[in-house]
Amino acid sequence: MRKTLIAGNWKMNKTAAEAHEFIAALKEGFPKTEAETLIAPPAIYIEKLIEEVEGTNIQIGAQNVHFEDEGAFTGEISPLALEALGVPYVIIGHSERRELFGETDEDVRKKAASIFSHNMTPIICCGETLETREAGQEKEWVSGQIRAALEGLTADQIAQAVIAYEPIWAIGTGKTASAEDAQDMSAHIRDLLFEIAGKEAADQTRILYGGSVKPGNIAELLDKEDVDGALVGGASLDVTSYIALLNGGK
Ligand SMILES: O=C[C@H](O)COP(=O)(O)O
């Protein structure tokens with residue numbers, strides 16, 4: 001049984017005071033939910049927010065990491081430092097990192113390996129542009145990204161990894177892939193995982209959908225057999241909306 005993961009990616013939003021206010025309100029209104037809860041704030045708030053969620057079911061993750069432990073990498077975040085803070089999950093390969101900051105498939109592969117070597121779990125993002133989808137090549141594209149990211153990982157690591165399918169044309173645009181499209185790609189990804197790592201691993205790997213997920217559409221997405229959660233941007237910034245997401249849209 002795969003546990004639902006509702007991951008909020010705050011991207012480059014919120015001041016320290018706003019982040020604190022959100023966490024206080026989330027603790028206060030935390031719903032009865034079976035879902036695993038994760039917020040990935042800007043890196044500068046991680047340490048403080050981890051302290052603030054101690055003793056709750058709220059987890060604090062990271063939006064990015066470098067693959068090297070330390071060195072002359074101005075502005076980067078060390079996996080060693082994230083591990084020491086007790087970060088459980090790190091998002092890698094987000095389309096914004098790929099498009100705006102030049103993150104390559106090879107970087108994603110190195111980051112995934114480094115995250116595992118530091119006892120954390122990668123949330124590996126993949127997804128196609130509208131152009132690729134219109135050309136009917138979205139499955140080949142996503143397969144290529146996933147094969148590259150998982151190269152060299154063991155079947156156990158693949159079982160533990162989280163894949164987030166985020167069609168780029170649905171991110172922040174208000175256009176959600178239909179629940180059927182999300183299921184279709186998630187089933188394709190699971191078939192690929194089966195081919196790469198075998199049935200046992202493929203059955204365990206969680207596959208999230210991301211791209212304009214909101215309280216109004218999360219229930220039908222989570223209803224799909226191979227959709228195991230959501231990676232949410234905009235709708236995770238408002239605490240009432242995030243709580244509704246944890247409640248399956250209610
Ligand atoms: O990481 C989250 C995704 O980029 C989705 O963002 P969004 O929910 O604002 O469309």
Side-chain angles (χ1 to χ4, degrees), residues 4-14 18-19 22 26 35-43 45-46 49 59-65 77 87-103 107-108 111-112 115 121-130 132-133 138 141-142 145-146 149 161-179 181-182 185-186 189 206-222 224 227-249:
T4 301
L5 173 62
I6 307 296
N9 175 12
W10 281 359
K11 307 190 179 181
M12 197 177 74
N13 291 290
K14 294 195 188 291
E18 288 165 348
F22 178 107
L26 179 58
E36 203 181 327
T37 304
L38 178 75
I39 294 289
Y45 310 142
I46 291 175
L49 296 191
Q59 302 175 95
I60 303 297
Q63 298 177 16
N64 183 32
V65 71
I77 303 160
V87 165
Y89 291 98
V90 185
I91 300 168
I92 54 173
H94 191 285
S95 60
E96 288 149 18
R97 297 288 323 162
R98 293 179 191 259
E99 280 184 357
L100 305 172
F101 303 100
E103 193 162 313
D107 293 331
V108 178
K111 288 181 181 196
I115 289 165
T121 300
I123 298 179
I124 302 165
C125 301
C126 57
E128 79 286 357
T129 59
L130 188 55
T132 303
R133 178 160 278 257
E138 68 276 13
W141 178 263
V142 165
Q145 289 182 318
I146 294 177
V162 178
I163 308 283
Y165 168 58
E166 301 203 310
I168 295 170
W169 47 271
I171 297 176
T173 58
K175 285 186 199 157
T176 325
S178 69
D181 285 341
M185 183 60 88
S186 301
I189 293 171
R206 286 180 293 177
I207 302 172
L208 314 183
Y209 168 78
S212 298
V213 175
K214 308 233 162 357
N217 59 24
I218 194 165
E220 56 173 336
L221 288 160
L222 295 185
K224 295 295 177 191
V227 179
D228 306 313
L231 180 56
V232 188
S236 74
L237 292 171
D238 175 77
V239 72
T240 310
S241 152
Y242 185 69
I243 289 173
L245 293 168
L246 290 174
N247 266 330

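When a ligand or atom number is given, it counts from 1 through the structure's own listing order.
- Shown here are the side-chain hydrogen bond (donor to acceptor under 3.5 Å, both in side chains) partners of Ser178, two or more places apart in sequence or in another chain: Asp181.
- Residues passing the side chain to side chain contact (heavy atoms under 4.5 Å, CB included) test with Lys214 are Ser212, Asn217, sequence neighbours excluded.
- Residues satisfying the ring-ring contact (aromatic ring centres under 6.0 Å, His included) test with Trp10, not counting sequence neighbours, are Phe22.
- No donor-acceptor contact under 3.5 angstrom links the side chains of Gln145 and Tyr165, judged on distance only.
- Listed by chain and residue number, the protein contacts of ligand 1 are Asn9, Lys11, His94, Glu166, Ala170, Ile171, Gly172, Gly211, Ser212, Leu231, Val232, Gly233, Gly234 (heavy atom within 4.0 angstrom).
- A donor-acceptor pair under 3.5 Å links the side-chain atoms of Tyr209 to the main chain of Gly211, judged by distance alone.
- When every heavy atom of Pro88 is checked against every heavy atom of Leu38, the shortest pair comes out as CG-CD1, 4.4 Å.
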